[in-house]
Participant: 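Here it is, the structure, as structure tokens.
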Amino acid sequence: MSTAPSATATSATLGDFLNGNSGAALAAENITWGALIGAIGISFASFGAQTFAFVLLRWRLSRIYRPRTYLVPERERVAPPPHGVIAWLKPIFATPSLQFIQKSGLDAYFFLRYLRMLLKIFVPLALLLLPILLPINRFSGGDTESKGISILSISNVAPEHTGHRLWAHLFLAITVVIYVCYVIFKELRGYIRVRQAYLT
């Protein structure tokens, strides 16, 4: 008869817990630069194939990509999108919100507004975080230099630098949380305003 496995407890101090595995990248290499470039190349190839398929199919499958140009009554029709590979992007950003709601409905309007909200969140954060955190992580390795893409991660910060260089990560994390909550709050106020105006 077999015995039940017993759990083994490891003793760890509060300092070990709060350390967050600092300096782990110094001992091991995770992702290589070649793997990163290969993944980016595959992503761009997939993006190109999907964009090429969309450009080919959007005029052939008009019931899917532009049904409101001819399947609805005359007063509810919208102008067909312009020809060209990327010419259809301009009306998305140039069409006034009220006209977009009247012609396409609230669902389509709020989907585009959701995509714009994601741009409002991630583009400014990338412009703020990357120039600050990447140099801190890269040049905080101590005596032993890690290899591969790990030199840009927080795990590259050597234990002797954790006391003063991880404060930037903390302050920027708090900034990210406050900024994302602010953007979501503003979008929810806009959602309620548009919804009330549309229902009344």
Participant: Honestly curious: do I136 and W167 fall in one hydrophobic cluster under the side-chain, below-4.5 Å linking rule?
Facilitator: no

Participant: Which value, rounded to the nearest 0.5 Å, describes the distance between L115 atom CG and F110 atom CZ?
Facilitator: 13.5 Å

Participant: Quick check: is I174 connected to L133 through a chain of hydrophobic side chains (ILVMFWY, heavy atoms under 4.5 Å apart)?
Facilitator: no

Participant: Side-chain heavy atoms under 4.5 angstrom apart, residues restricted to Ile, Leu, Val, Met, Phe, Trp, Tyr: same cluster for I178 and V123?
Facilitator: no

Participant: My understanding is that only one of R195, Q196, R189 makes a side chain to side chain contact (heavy atoms under 4.5 Å, CB included) with R193; could you say which?
Facilitator: R189

Participant: Quick one: are Y109 and V194 in side-chain contact, heavy atoms under 4.5 Å?
Facilitator: yes

Participant: I need the I184 CD1 to Y182 OH distance, nearest 0.5 Å.
Facilitator: 13.0 Å

Participant: Under a 4.5 Å cut-off applied to non-hydrogen side-chain atoms, are R66 and W59 in contact?
Facilitator: yes

Participant: For the residue pair P82 and P91, establish whether any side-chain heavy-atom pair is separated by less than 4.5 Å.
Facilitator: yes

Participant: Does F111 belong to the same Ile/Leu/Val/Met/Phe/Trp/Tyr cluster as L98, with side-chain heavy atoms less than 4.5 Å apart forming each link?
Facilitator: no

Participant: So how far is it from T69 OG1 to L71 CG, rounded to the nearest 0.5 Å?
Facilitator: 7.0 Å

Participant: Taking all non-hydrogen atoms of both residues, which atom of I121 and which atom of V183 are closest, and how far apart?
Facilitator: CG1-CG1, 3.7 Å

Participant: Near R58 CZ, under 6.0 Å, is it more than 12 heavy atoms from other residues, nucleotides or ligands?
Facilitator: yes

Participant: So how far is it from L128 CG to T175 OG1, rounded to the nearest 0.5 Å?
Facilitator: 7.0 Å

Participant: Mind checking whether L125 and V180 have side chains closer than 4.5 Å, heavy atoms only?
Facilitator: yes

Participant: Taking the side chain as every heavy atom from C-beta outward, state whether I151 and W33 have any pair of such atoms under 4.5 Å apart.
Facilitator: yes

Participant: Does F122 share a hydrophobic cluster with M117, counting links as ILVMFWY side-chain heavy atoms below 4.5 Å and allowing steps through other members?
Facilitator: yes

Participant: Roughly how far, to the nearest 0.5 Å, is the CG atom of D107 from the CD1 atom of I101?
Facilitator: 11.0 Å

Participant: So with a 6.0 Å cut-off around OH of Y70, is the heavy-atom count from everything else above 12?
Facilitator: yes

Participant: Starting at CG of L166, measure out to CZ of F171 and round the result to the nearest 0.5 Å.
Facilitator: 12.0 Å

Participant: Please say whether more than 12 non-hydrogen atoms of neighbouring residues, nucleotides or ligands are located less than 6.0 Å from OH in Y65.
Facilitator: yes

Participant: Please check if the side chain of S46 supplies one atom and the backbone of I42 the other of a donor-acceptor pair under 3.5 Å.
Facilitator: no

Participant: Does the side chain of K120 reach to within under 4.5 Å of the side chain of K186, using non-hydrogen atoms?
Facilitator: no

